[in-house]
S.K.: 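Structure in structure tokens, see below.
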Amino acid sequence: MFPKIFCFLQLFTLFTVTFASTEEATALLKWKATFQNQNNSLLASWTLSVGACTDWYGVICFNGQINRLNITNAGVIGTLHDFPFSSLPFLEYVDLSMNQLFGRLKSLEILALQNNNLSGLIPITLGDLSELTSLHLYSNQLSGPIPSELGNLKNLTDMELSHNKLSGSIPITLGDLTELKILYLHSNQLSSVIPAEIGKMKSLEVLALQSNNLSGPIPITLGGLTQLKNLYLYSNQLSGLIPSELGNLKNLNGLDLSDNKLIGSIPVTLGDLTELKSLRLPYNQLSGSIPKELASLYNLVVLSMSYNHFSGHLPERLCQGGKLEIFTVDSNKLTGPIPRSLSKCSSFKRVRFNNNNFTGNLSEAFGIHPELRFIDLSDNDFHGELSSNWGKCKKLIDLRVARNNISGCISTEIGNVKGLLGLDLSSNHLIGQIPKEFGKLTSLVKFSVQNNNISGNIPEELGSLTKLESLDLSCNRLNGSIPKCIGDFVHLFQLNLSNNKFGQNIPKDIGRITQLNVLDLSYNLLVGDIPPQLAKLKVLVNLNLSHNGLSGCIPKELESSTGLHDVVLSYNELEGPIPNNKAFINASLEGNKSLCGNVAGLHPCKRPSSVVKKHSMEKGRKLILIIVLPVMGALVLLCVFIGVLFMCNKRRRVREVERRDGDGWLSISMLDGKELYRDILNATEEFDAKFCIGQGGHGSVYKVNLPSLGNITVKRLHSSFQNTHPKSFINEVRALTGIKHRNIVNLYGYCSKAQHSLLVYEYVERGSLSSILSNEVESKKLDWLKRVNIIKGVAFALSYMHQGCSPSIVHRDISSSNVLLDSEYEARVADFGLAKILNPDSSNCTTLAGRYGYVAPELAYSMKVTQVCDVYSFGVLSLEIVKGKHLEVYITMLANSSTIDPEQLSDLLDERLPYPEDRVKDVLFFIVNLACSCLLKTPKSRPTMHFISQKLSSMDARPPIHQRNPHVMRAIYNP
């Protein structure tokens, strides 16, 4: 009996000859003739009198050719010996499970079972397929050890077991596979050491063992694999020295040892790898100097040595081959000047020298780099002035020279780089004025020159920088008034003009910057009132106006600014009552004239009284009672009647989506609500802090273990949040009631008691995506394929909410903080507090809500919620997952790009991960372009989530067979 693991055989032929469907049908009929039960009723339709592509049971065609065969549980009794493999060249999928097929496939040459949901162990009987040349079991759920019996497959040339859950050690018997050219064992849970016996596989061309838990040293026997072209050992726990024997691998194109625990110096023998194009060693503990022998690598395109302990000078003559595009040595202890060979390297595209101890005159260190897109020279000891040559790097999009000793004026030629997105010149010794030529940098998104000695006014020409998202001019000597044109920066989320000499009034035009999150105007000479227009900044979190000469009352309109968290108004001349807002109750208000309110440190406000008014009111009270009371009574009765009708209608609507269980507890699961509530109180010892696993502005989150449910998550909302956002709780409940999707967090129940507002969810083990991306260790475990899968999961969830729910649900708060990851890194969309159920008979207008940086720009002025608002947020999130952080300076540029060039992709990748292989790079390139289409300014131009999910589901980032076998063809994706 053929093992059950072959239930989902995916069979690809060795030939590409096209056969007519009638000939394919004839071949299947010949196979059917070998069955022991010829009278099988399910296969009675298999006759030449009817079309195989239209009427045959279990047969599906594509373009007139048989493409899929599914006869599971059809009662077939027979053998696979005569199955017409070569007669069905376009067959992609076969399911023959739950039949009585017998016989062994001794002559089988290709076994392809990738991209299924196969689980369990790899059967040891595979070792009997002596003629097998290709074994593809990648991208399944296989577990347990790799059978040592696979070492019997002497004819094997291609073994791919990657992207499973295989554990244990690599069998030493694999060393007997002397014909093997490709060995993919990466992205599993393999442990122990790399066996020295792999050095016997003399035909090996690709060895991929990355993303496992392998430990110990790199075997010196790998130096004997002289045919090797690519060696990938990154993201393991390998230790010890880099063997000098690797210098024998003369055919090597790619060597990636990054993200391990390797120590010692780089062997000088690596300079003998003259065919090497990519050398990646970052995130290790390597030390010593970088050997000058690496200058002999004329074909090198990528050289990455970041995050090690390298010291000394960079070697001369690097880049003498003129092909080096990516060069990163950041976060080491390197010293001395930049070698002339590097400063004149015309092939540079992406360069990182930051966070070292480099010295030298920066105005002389770099020439003109026509292909340069990104360079970071920050956190070094460079001196000199900013060269005019930067203005001739026409493709530059990000220039960072922060925290050095640069002096002189800002080069006006930088204003000629019209594609510049980010410019960081902070913490230097720059003088003079901000060049008016910077008004030509209309693509600029982030501009930082804080902590310098810049003087003069803000040039009016800067008013054209309408795409700015972050502007920091703090700690300079700027003067004059804050220009009104600053209100044109409608995309700005951070504005810091503190510690300057700005005078006159705060322009009310700042109220037009509706996405502003941080406003700091402290330590200036500002006077006059605080403009009430600041209340229009609905997403403002931090407000600092301290140490100025502001007077008058704090605008009462700021009571509506419920998003405010930190308010500093100290040392002004303000007076009168403070707004009734939590942020102002906890604000820094000292050093003002005569503020009042029920806050510690302030006098209570006096209530205005008038004896005349009091006497008049007493005198007219009887008249009011005589005239008004009957009218009011009638109105009250009418209101009560209307209210009763309204409440009845409201309760009827609520009952349609909720099931009450008494005492305010509502259970969605089949569990008893009141019992679940009592269990939660007991398990948390009435919400003791030791069970708390997280806190936010809305409430606290607890991990609870219950016998009935196991681990669960309980979100307990703050009473203050409930008071200010009464609809958030019921929004989340209504949105999640009835939803069942693998990529949406499961709601078990909720409680609306007066003393507790609780939401009970499934426990998602790894927590939020944002916390993982911000963690240097955990983020590196989130490899490219996991990230692609997370993007897919979020897309599937949103597609379900938009198209699969009736009525549709718009989440409105898609961000990395609201995507949770389970133990298998599967995505779960969470936090539906801002969700809106779309009413087809309504305009669906709302207030601006959501996290800054993810909110669709049209919501700032239209306030109309549509599904494409989530599409925009999905685009931002997808780019964040690829980059590893929010793309603050790139979002605006990408929103204006229908597509990006392949060369731009490296700027958008997370540098903490190894550079992706070609296959994965193609998929990431596709995702980035898809995300760009989600950011289009015209909402109607954005794709739907249904379209996006279809496109993503057709993608496969894992290595295809056709790259190694020219007779097997399969599409990567349908663009």
Side-chain angles (χ1 to χ4, degrees), residues 186 208-212 214 218 230-243 246 252-267 270 273 276-291 294 297 300-312 314-315 318-319 324-334 342 348-358 374-380 400 773-784 787 882-885 905-917 920-921 924:
H186 59 89
L209 305 179
Q210 71 269 22
S211 300
N212 279 289
L214 299 170
I218 298 173
N230 291 291
L231 176 58
Y232 302 126
L233 305 180
Y234 61 84
S235 297
N236 279 289
Q237 304 292 320
L238 299 174
S239 57
L241 305 175
I242 299 175
L246 296 185
L252 207 61
N253 289 325
L255 175 60
D256 195 335
L257 308 179
S258 59
D259 194 14
N260 280 288
K261 299 179 179 178
L262 301 173
I263 60 173
S265 58
I266 299 175
L270 294 190
L273 305 178
L276 201 63
K277 295 180 180 179
S278 176
L279 174 59
R280 296 180 179 273
L281 304 173
Y283 296 100
N284 278 288
Q285 300 169 25
L286 299 170
S287 57
S289 61
I290 297 174
L294 295 188
L297 304 178
L300 210 58
V301 176
V302 178
L303 178 56
S304 179
M305 296 177 283
S306 309
Y307 290 92
N308 279 286
H309 305 298
F310 293 122
S311 57
L314 287 174
L318 281 175
C319 191
L324 194 59
E325 295 179 1
I326 299 175
F327 181 72
T328 61
V329 291
D330 50 298
S331 301
N332 281 287
K333 301 175 182 178
L334 296 166
L342 287 178
F348 271 162
K349 290 184 177 180
R350 184 177 185 85
V351 183
R352 280 189 173 273
F353 293 98
N354 52 294
N355 200 21
N356 279 285
N357 297 305
F358 288 120
F374 176 96
I375 185 167
D376 194 343
L377 301 165
S378 304
D379 298 287
N380 282 290
R400 305 180 187 182
L773 290 177
S774 61
N775 185 296
E776 288 297 323
V777 176
E778 294 299 321
S779 62
K780 286 185 275 187
K781 298 178 183 178
L782 212 59
D783 59 37
W784 293 121
R787 298 191 188 204
V882 173
K883 180 64 176 175
K885 61 182 179 180
L905 181 63
S906 60
D907 296 328
L908 302 173
L909 297 179
D910 192 339
E911 297 156 5
R912 297 172 295 186
L913 295 187
Y915 198 75
E917 302 167 11
V920 181
K921 185 171 70 173
L924 292 173

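Residue numbers count from 1 along this sequence. Every value quoted in this text rests on a predicted model; they were computed, and no experiment measured them. The basis for the numbers below is simple: all heavy atoms, side chains too, and nothing from hydrogens, waters or symmetry mates.
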S.K.: For Ser278, check side-chain contact (heavy atoms from CB on, under 4.5 Å) against everything at least two apart and list the hits.
M.R.: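 Listed in chain order: Arg280, Val302.
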
S.K.: Give, for atom CG of Leu377 and atom CZ of Arg400, the distance between the pair rounded to the nearest 0.5 Å.
M.R.: 11.0 Å

S.K.: Is a side-chain N or O of Trp784 found less than 3.5 angstrom from the main chain of Lys921, in a donor-acceptor match?
M.R.: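 It does not hold such a pair.
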
S.K.: Whether the side chain of Asn236 engages the backbone of Leu209 through a donor-acceptor N/O pair (distance < 3.5 Å, no angle test) should be reported.
M.R.: yes

S.K.: Rounded to the nearest 0.5 Å, how far does CG of Leu297 lie from CG of Leu324?
M.R.: 10.0 Å

S.K.: Mind checking whether Leu262 and Leu281 have side chains closer than 4.5 Å, heavy atoms only?
M.R.: no

S.K.: According to salt bridge (charged side-chain N to carboxylate O under 4.0 Å, His left out), who are the partners of Lys781, at least two apart in sequence or on a separate chain?
M.R.: Glu778

S.K.: Please identify each residue that fulfils side-chain hydrogen bond (donor to acceptor under 3.5 Å, both in side chains) with Asp376, with sequence neighbours left out.
M.R.: Arg352, Ser378

S.K.: Tell me, do Ile326 and Tyr915 make a side-chain contact under 4.5 Å, heavy atoms counted?
M.R.: yes

S.K.: Under a 3.5 Å distance rule, please check whether Asn253 uses its side chain to pair with a backbone N or O of Asn230 as donor and acceptor.
M.R.: no

S.K.: Which residue is it: Asn284, Thr328, Asn332, Asn354? I am looking for the one with a side chain to side chain donor-acceptor pair (under 3.5 Å) to Ser306.
M.R.: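 Result: among Asn284, Thr328, Asn332, Asn354, Thr328 is the only option passing the side chain to side chain donor-acceptor pair (under 3.5 Å) with Ser306.
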
S.K.: Looking only at heavy atoms, what is the nearest atom pair of Leu342 and Cys319, with distance?
M.R.: CD2-CB, 4.2 Å

S.K.: Could you measure the distance from the OG atom of Ser331 to the CE atom of Met305? Nearest 0.5 Å is fine.
M.R.: 13.0 Å

S.K.: Could you walk me through whether Leu238 and Leu257 pass the side chain to side chain contact (heavy atoms under 4.5 Å, CB included) test, one step at a time?
M.R.: CA-CA 9 Å; Leu238 299 174; Leu257 308 179; 6.0 Å; no

S.K.: With the side chain counted from C-beta on, respond yes when Leu246 and Leu252 share a heavy-atom pair under 4.5 Å apart, and no when they do not.
M.R.: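 No. Closest side-chain heavy atoms not under 4.5 Å.
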
S.K.: Who passes side-chain hydrogen bond (donor to acceptor under 3.5 Å, both in side chains) against Asp259, sequence neighbours left out?
M.R.: Ser235

S.K.: Write down the atom of Gly254, the atom of Leu276, and the distance for their closest heavy-atom approach.
M.R.: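 Nearest pair, atom of Gly254 first, then Leu276: N-CD1, 3.9 Å.
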
S.K.: Could you pull out the closest heavy-atom pair between Asn212 and His186, with the gap in Å?
M.R.: ND2-CA, 3.7 Å

S.K.: Between CZ of Phe374 and CG of Leu908, what distance do you get to the nearest 0.5 Å?
M.R.: 11.0 Å

S.K.: Quick check: do Leu909 and Pro916 have side-chain heavy atoms less than 4.5 Å from each other?
M.R.: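 Yes, close enough: below the 4.5 Å cut-off.
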
S.K.: Considering residues at least two apart in sequence or located in another chain, which fulfil the side-chain hydrogen bond (donor to acceptor under 3.5 Å, both in side chains) criterion with Tyr234?
M.R.: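 Testing Tyr234 for side-chain hydrogen bond (donor to acceptor under 3.5 Å, both in side chains), a comparison that skips the adjacent residues, returns Gln210.
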
S.K.: Output all residues satisfying side-chain contact (heavy atoms from CB on, under 4.5 Å) with Pro315, sequence neighbours left out; order by chain, then residue number.
M.R.: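 Pro315 satisfies side-chain contact (heavy atoms from CB on, under 4.5 Å) with Ile290, Lys292, Leu318 only.
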
S.K.: Measuring only between side-chain heavy atoms, which start at C-beta, is Ile242 closer than 4.5 Å to Leu286?
M.R.: yes

S.K.: Which pair of heavy atoms, one from Pro267 and one from Pro243, lies closest together, and at what distance?
M.R.: CG-O, 4.0 Å

S.K.: Listed by chain and number, what are the side-chain contact (heavy atoms from CB on, under 4.5 Å) partners of Phe358, not counting sequence neighbours?
M.R.: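 Testing Phe358 for side-chain contact (heavy atoms from CB on, under 4.5 Å), a comparison that skips the adjacent residues, returns Leu314, Val329, Leu334, Ile338, Phe353, Asn356, Asn380, Phe382.
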
S.K.: Going by the rule side-chain hydrogen bond (donor to acceptor under 3.5 Å, both in side chains), which residues pair with Lys885 if we only count those two or more places apart in sequence or in a different chain?
M.R.: none

S.K.: Atom CG of Asn308 and atom CD1 of Ile266: how far apart are they, to the nearest 0.5 Å?
M.R.: 7.5 Å

S.K.: How many angstroms lie between atom CG of Leu214 and atom CG of Asn260, to the nearest 0.5 angstrom?
M.R.: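 The CG atom of Leu214 sits 9.0 Å away from the CG atom of Asn260.
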
S.K.: Can you list everything that forms a salt bridge (charged side-chain N to carboxylate O under 4.0 Å, His left out) with Asp379? Sequence neighbours excluded, please.
M.R.: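 Listed in chain order: Arg403.
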
S.K.: Sequence neighbours left out, what passes side-chain contact (heavy atoms from CB on, under 4.5 Å) with Ile263? Give chain and number order.
M.R.: Leu241, Gln285

S.K.: Heavy atoms, side chains only, cut-off 4.5 Å: are Arg912 and Tyr307 in contact?
M.R.: no

S.K.: NZ of Lys277: more than 12 outside heavy atoms within 6.0 angstrom?
M.R.: no

